[in-house]
Amino acid sequence: MSEFIPSFNDKLIEKKWQEIWYNNKYFNAFDDSEKEKYYSLVEFPYPSGAGMHIGHIRAYLSLDVISRKRRMEGKNVLFPIGFDAFGLPTENYAIKNQIHPRIITDNNIKTFINQLKSAGFSFDFSRMIDTTDPDYYRWTQWIFLKMYEHGLVYKDIAYVNFCPSCKVVLSNEESQGGKCDRCDSDVVQMEKPVWFLKITDYAEKLLDGLDELESNQRIKLEQQKWIGRSKGAYIKFPISCSDKTLKVFTTRPDTIYGATFMVIAPEHPYIEAFKERIININEVEAYQEQAKLKTEFERIELAKDKTGVEIKGIKAINPVNGKAIPIFISDYVMITYGTGAIMAVPAHDTRDYEFAKKYNLEIVEVIKGGDITKEAYTNTEEGVLVNSPLINGLKVSDALNKITNYLVENKIGEEAKQYRMKDWAFNRQRYWGEPIPIIYCDKCGIVPVPYEDLPVTLPMVEKFIPTDTGESPLANIDSFVNCKCPKCGGQAKRETDTMPQWAGSSWYYLRYMDPHNNKELASREKMEYWGQVDWYNGGMEHVTRHLIYSRFWNQFLYDIGVVVNKEPYKKRTAQGIILGSDNEKMSKSRGNVVNPMEIIDEYGADTLRTFSLFISDYEMATPWNDLGLKGARRFLDKIWRMFPNVKTGDNYSKDLERSIHETIKGVSEDLENLKFNTAIAKLMTLVNEYNKKDELTTSDYEVLLRLLNPIAPHVTEELWEMLGHETLLVYETYPEYDEKKLVKDEIEMVISINGKLRDKVLVDASITKKELEKLAVESKKIISHLEGKQIVKIIVVPQKLVNIVVK
RNA sequence: GCGGGCGUGGCGAAAUUGGCAGACGCGCUAGACUUAGGAUCUAGUUCUUAGGAGUGCAGGUUCAAGUCCUGUCGCCCGCACCA
C-alpha cells in the first residue's frame, strides 16, 4: 500500500463512487421486488438556468439520507426525481434570447442532472420525468379531460387577477397581497373568459383528508386556513315592493335582530336589476366606477377608511321583525365571497360598527356584555341575547340553534358553509405550458379533444411573443389554431391558452411509479404496489398551493377509480430555509447567495452534505456560515485518519461498547425525526471517543461507517472498500443496538441543596433510596453547606438526583 | 387585526419534555510538533469581585423552571374588510 495521506481526496473518491453507483444503477427501484416497498419523494425542481441552489441540497438531503437508510434496512426504495419544467422564466428567457424553450429546458435539465449526481443523491435516474415532455403532459391533458367529463371544469367570464407585466391571468394563490408572485407588479382585476376547476367541490374532502396526513400541526393548519371553511346560514331579506329577496351569508344568524342595514358589493347584480327604482343611480354608479379602479390591493390597504353610498329607493325587510332597513353599496363587501351581500350588525362586528358610525346608522345591541357606545362587542361566546324577541335570554350557542331552526322552518334561510378557497382559475395566456385540450366549433360549441387524439402538442415555432390583448402567443400560430372539429369535421379553432405551472406537478408522484407507460398514466398494478408516498418533503411555501392541488387531483382520480388511495401522501415534512450569512433571504441582489457547486468543488460533496444537515434543526430557518464547513470536513478527515489504527476484531472494543449502542440508538431515532443536526453531533462524540484510543476493532470502525454512510456516502464507501469488502456499503445492513448493552452499572448522581448543584457522586445503579439519602447527607461538600441549616426534606429522583431542602 | 413559530455564550446551536444550562461544531487563547498543511495534537473557552449571577423583560407555580402559568417587548412566517 502506498503512503497513507491524512486527508482524503474528495474529488477522486466522489467521482469514483458516483460512477459506480450511477453506471450500475444501484439506486434503481424494482417494480417486482419481494422486499417491502418504501416511496420517498422530494418536490421536483424547476430547472432554472441558474442551476442548483443550496436550498435544493437541503430539501433533498433529508430524504436522501432516509432513502439510503431504508435500503440498508432491506426496503425496495423508490426515490425518484424529475423536472417541473414549464414556466415563465424559461419562456421569458426564450423570448429575450430568441432560443426555443425546448432547447433551454433540455440544457438546464442536463446541468441539473450533473449537479444532482455530483452531490451524490441516490435518485433513481431511470424514472426521470419532465412535465414538458408530450409523453408526460399527454396525461396531464387526459386528467383535465376526465375532470371536464365529470363536470369539474367550467368556463366563465370572471373578474380575474391579471398581471399587466407578465400579461397573464393569475390564481389567487399567485397574487397574494395584490402582487404578482413572479414579478411583484401590482395585479389588476380584469374581466376575462376563464377555465375553472371546481376545487371547491372537494373542500370538505380536502379538510377531512388532513386527519390521515402525518405532519406537524403547522402544515395542517395552513391548509385548513387556506380552505377556510365557515359554518353559518344563508338568510333571505325581502326587498320592499318587490318579489325579490337579498340573500346574505352570515356566521352569526343569532344576531339578526341587530341587523340595522345591509351592504352589497359594488359588483352586485341587484344594482342593475333595480336600476329603475334607484333614485340616486348616478351616485351609485359613480361609486361602482371608482371601486373598479382600485386594485384588490388598494381595497385592502384602504381598509381603515370605509366608504359607501346608500342605495335610495329600495329597502330590505328584516325577516324576523319586519323592519325596513337601508341598503348600502360598499367595497368592504367582496363579490367573490359568500353572496356578495351582508346583513350588517354594527353592535357586534367591528367593520359594520365603523361603517355605522361614519354614516350615522342605528346600532342595536343584541348580546349583553360589552359597551357598544365605545366599540363593537365581538367576543361574545359568554354573552346572553337581548332585544331579540324569539331568543331573548339565551346563550349564544342556544340562540344560534333556535334561530337557525326558525329560519329553516319559515323558509327564510338555510344552513350553509362558505369557503375562503375559490375555484381554481386554470388557464394562462402563455406559450410554455400544457395546451388545454379544447376545440371551439361554430356548430358544436365547446368540444373536448377526444382522448385518442392526445397529446395536443405545442408547436415548435421560431418566434413567439405574448400578445398585448392578453391572448396566448399560440393564438398567432395558425397551424396550431386551425383544426377540424372532432364532432362534425368542420373547420374549428383550438383553445390557445395553456395550463398553469401547477398542473404538471399535481400528479407527478403517480408517474414515477410507471414513467414509461404509453397506455395509461400509470398501471393499476404498479400503483397498487407502490401505494401512497410514504414520506414527502418539500418547502413550506408549497403547503397551500401545490399540496392542496395535488391532493385534489388525487382525490378526483380516486373517485373515478383511477388511483388506489384517497390521499396521495402519508407523511409530509418541510425543511427550514437556509438564509444568507447576513441572516437575510438569499438573493442575487443582496449578493448573499451560496453556490453549492463551489462548495463541492472546494470541500467535496460529503462535507457539503454533512454540514448542511449539521447547521441547525432541519425544520428551522438558519443563516449559512462558510467557516462551519471546515468543521464538517475536519470530522470526516478524522474518520479517514483512524483507518491505520483499525485492527481485525469481530467485536466492539469493551470500553466502547456502551457508547456504540447508545450512538446507534440515538442516531437512528434522530434521523427518523429529522434531527440530523443532533445525529451528526452524536457521531462526532463517538469519533472523539474513538480518537482517544490507539487501536480500534474492525467492528468498531465499520459500525461508524455504516451509521455515517447515509450522510456522507462517498468517503464511507471508500473506507469500506479499503477494509477489504467487495460488496458496496450502499446495501449493507444498518446497525442495530442491543437494549441490554445500554444499561449502566454505575450512575453519576447529582446532589443539590434547594435546587442548587453542590456535589456529584458515582453510585452503583442498584443503590436504594435510603442509602442514597445517607450518602448525600454525609458528603463532605454537602456537610459544609448544611452548617447551621435545618433539613426540611430530601427528594430523590431515581437515576438522576438528590435534592436536599433546607431552611 | 387573526393564526403559528422563535428569542439561550463572540457565532451556528443542544438540553432525554419539569431534574447537572450551553452537548456538538465554528471562532478564539495557550502549548506541542513541524511532514508549513485546507495542517494535526493537547489543554482551556457563559459572565464573574470565587461568593455567586445567568436562557428577551417583569411577575407567579414548584423541593426544582430555558421548559409550566400570567403579563410584556422584539423578530420571523402564513392569512387578511371572509361577513
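In what follows, chains are A, B, ... by sequence order, proteins preceding strands, each numbered from 1.
- Pairing partner, rC2(B): rG78(B), with both Watson-Crick or wobble hydrogen-bond distances short of 3.5 Å.
- Within 4.0 Å (heavy atoms only), Leu627(A) reaches sugar-phosphate atoms of the nucleic acid but no base atom.
- Base orientation of rG9(B): syn, since the glycosidic angle falls within 90° of 0.
- Nucleotides rG52(B) and rG71(B) place their P atoms 35 Å apart, quoted to the nearest Å.
- Pair assignment for rA23(B): none, as no Watson-Crick or G-U wobble contacts are both less than 3.5 Å.
- Ring-plane geometry between Phe676(A) and Tyr618(A) is classed as perpendicular, the angle between the planes exceeding 60 degrees on a 0 to 90 degree scale with a lower cut at 30.
- At a threshold of 4.0 angstrom between heavy atoms, the contacts of Asp10(A) include nucleobase atoms, whether or not backbone atoms are also involved.
- The cationic atom of Arg633(A) (NZ for Lys, CZ for Arg) does not lie both less than 6.0 Å from the six-membered ring centre of Phe611(A) and within 45° of the ring axis.
- Between the CD atom of Glu619(A) and the P atom of rG4(B) there is a distance of 17 Å, rounded to whole Å.
- Applying the Watson-Crick and G-U wobble criteria (two distances, each under 3.5 Å), rA50(B) pairs with nothing in any strand.
- rG9(B) and rU46(B) have their C1' atoms separated by 5 Å, with the value rounded to a whole Å.
- Using Watson-Crick or G-U wobble geometry with both donor-acceptor distances under 3.5 Å, rG44(B) finds its partner in rC28(B).
- When the side-chain nitrogen and oxygen atoms of Arg634(A) are compared with OP1 and OP2 of rG27(B), one or more of them lie within a distance under 4.0 Å.
- Regarding the sugar-base torsion, rU17(B) falls in the syn class, its angle being within 90° of 0.
- Considering only the side chain of Arg633(A), rG38(B) comes nearest among rG38(B), rC82(B), rG12(B).
- In this structure, a donor-acceptor pair under 3.5 Å is absent between the side chains of Thr307(A) and Tyr332(A).
- The CG-P distance, from Leu801(A) to rA65(B), rounds to 12 Å in whole Å.
- Taking atom CE on Met749(A) and atom P on rC20(B), their separation rounds to 12 Å, with Å as the unit.
- Put simply, CE on Met620(A) is 12 Å from C1' on rU8(B), counting in whole angstrom units.
- Annotation: of the two residues near RNA chain B, Phe249(A) and Ile680(A), the 5′-most nearest-nucleotide partner is Ile680(A).
- One can place CZ of Phe611(A) at 16 Å from P of rC11(B), the figure rounded to the nearest angstrom.
- Within the nucleic acid shown, Gln418(A) has no heavy atom closer than 4.0 Å to any nucleic acid atom.
- With respect to Glu204(A) and Lys417(A), a salt bridge is recorded, a charged nitrogen being found less than 4.0 Å from a carboxylate O.
- Asp617(A) comes within contact range of the sugar-phosphate backbone alone, with a heavy-atom separation under 4.0 Å but no base atom that close.
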Could you give me the CA-CA distance, side-chain angles and deciding distance for Glu746(A) and Arg658(A), then say whether salt bridge (charged side-chain N to carboxylate O under 4.0 Å, His left out) is met?
CA-CA 12 Å; Glu746(A) 275 195 328; Arg658(A) 222 198 53 236; over 6 Å; no
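- Checked by distance alone, Lys225(A) brings no side-chain donor or acceptor within 3.5 Å of a matching partner on the base of rC2(B).
- For rG27(B), one of the phosphate oxygens OP1 or OP2 lies less than 4.0 angstrom from a side-chain nitrogen or oxygen of Lys630(A).
- Within 4.0 Å of Arg351(A), counting heavy atoms only, lies at least one base atom of the nucleic acid.
- No hydrogens or angles were tested; on distance alone, a donor-acceptor pair under 3.5 Å links the side chain of Lys760(A) to the base of rC20(B).
- When the side-chain nitrogen and oxygen atoms of Arg229(A) are compared with OP1 and OP2 of rC82(B), none of them lie within a distance under 4.0 Å.
- Of all nucleotides present, only rG71(B) satisfies the Watson-Crick or G-U wobble test against rC57(B), with each distance under 3.5 Å.
- For Arg590(A) and Asp582(A), the salt-bridge test fails: no basic side-chain N is under 4.0 Å from an acidic carboxylate O.
- As rounded to the nearest Å, rG27(B) and rG12(B) have C1' atoms that lie 11 Å from one another.
- For the P atoms, the distance from rA15(B) to rC6(B) is 13 Å, rounded to whole Å.
- Nearest nucleotide to the side chain of Leu221(A), out of rG3(B), rA13(B), rA83(B): rG3(B).
- Taking the C1' atoms as reference points, rG59(B) lies 31 Å from rG10(B), given to the whole Å.
- Checked against rC24(B), rA14(B), rG19(B), the side chain of Val797(A) finds its nearest nucleotide in rG19(B).
- Between rC28(B) and rC63(B), the two C1' atoms lie 40 Å apart (nearest whole Å).
- Phosphate contact (OP1/OP2 of rA83(B), side-chain N/O of Ser230(A), threshold under 4.0 Å): present.
- Using a 4.0 Å cut-off between a side-chain N of Lys or Arg and a carboxylate O of Asp or Glu, Glu773(A) and Lys769(A) do not qualify as a salt bridge.
- Between Arg420(A) and rA80(B) there is a side-chain polar atom (N or O) within less than 4.0 angstrom of OP1 or OP2.
- In this structure, the CG atom of Asp352(A) is 15 Å from the P atom of rC81(B), given to the nearest Å.
- Comparing rC76(B) with rA83(B), their P atoms sit 28 Å apart, to the nearest whole Å.
- Among the atoms of the strands shown, base atoms are found under 4.0 Å from some heavy atom of Glu748(A).
- Phosphate contact (OP1/OP2 of rG25(B), side-chain N/O of Asn688(A), threshold under 4.0 Å): present.
- Look at NZ on Lys638(A): it is 19 Å from P on rG38(B), rounded to the nearest Å.
- Under the 4.0 Å criterion applied to side-chain N and carboxylate O atoms, Glu222(A) and Arg218(A) are assigned as salt-bridge partners.
- Distance from the side chain of Thr622(A) is smallest to rA13(B) among rC63(B), rA13(B), rG19(B).
- Rounded to the nearest Å, the gap between the C1' atom of rG3(B) and that of rC11(B) is 32 Å.
- Closest-nucleotide positions on RNA chain B for Met343(A) and Leu757(A) were compared, and the one nearer the 5' end corresponds to Leu757(A).
- Of the nucleotides present, none pairs with rU17(B) by Watson-Crick or G-U wobble criteria with both distances under 3.5 Å.
- Within a 6.0 Å sphere centred on CD of Glu672(A), heavy atoms belonging to other residues, nucleotides or ligands number more than 12.
- Ranking rG12(B), rA83(B), rA15(B) by closeness to the Val333(A) side chain, first place goes to rA83(B).
- Between the P atom of rC33(B) and the CZ atom of Arg641(A) lies a distance of 19 Å, rounded to the nearest Å.
- Note on Arg758(A): every side-chain N or O is 4.0 Å or more away from OP1 and OP2 of rA64(B).
- A close approach under 4.0 Å does not occur between any side-chain nitrogen or oxygen of Asn803(A) and OP1 or OP2 of rG19(B).
- Here rC20(B) is the nucleotide among rG12(B), rC20(B), rC63(B) with the atom lying nearest to any side-chain atom of Val750(A).
- For Ala681(A), taking side-chain heavy atoms from C-beta onward, the closest of the listed nucleotides rA23(B), rG12(B), rC77(B) is rA23(B).
- Although no hydrogens or angles enter the test, the distance criterion places no donor-acceptor pair under 3.5 Å between the side chain of Thr245(A) and the main chain of Lys247(A).
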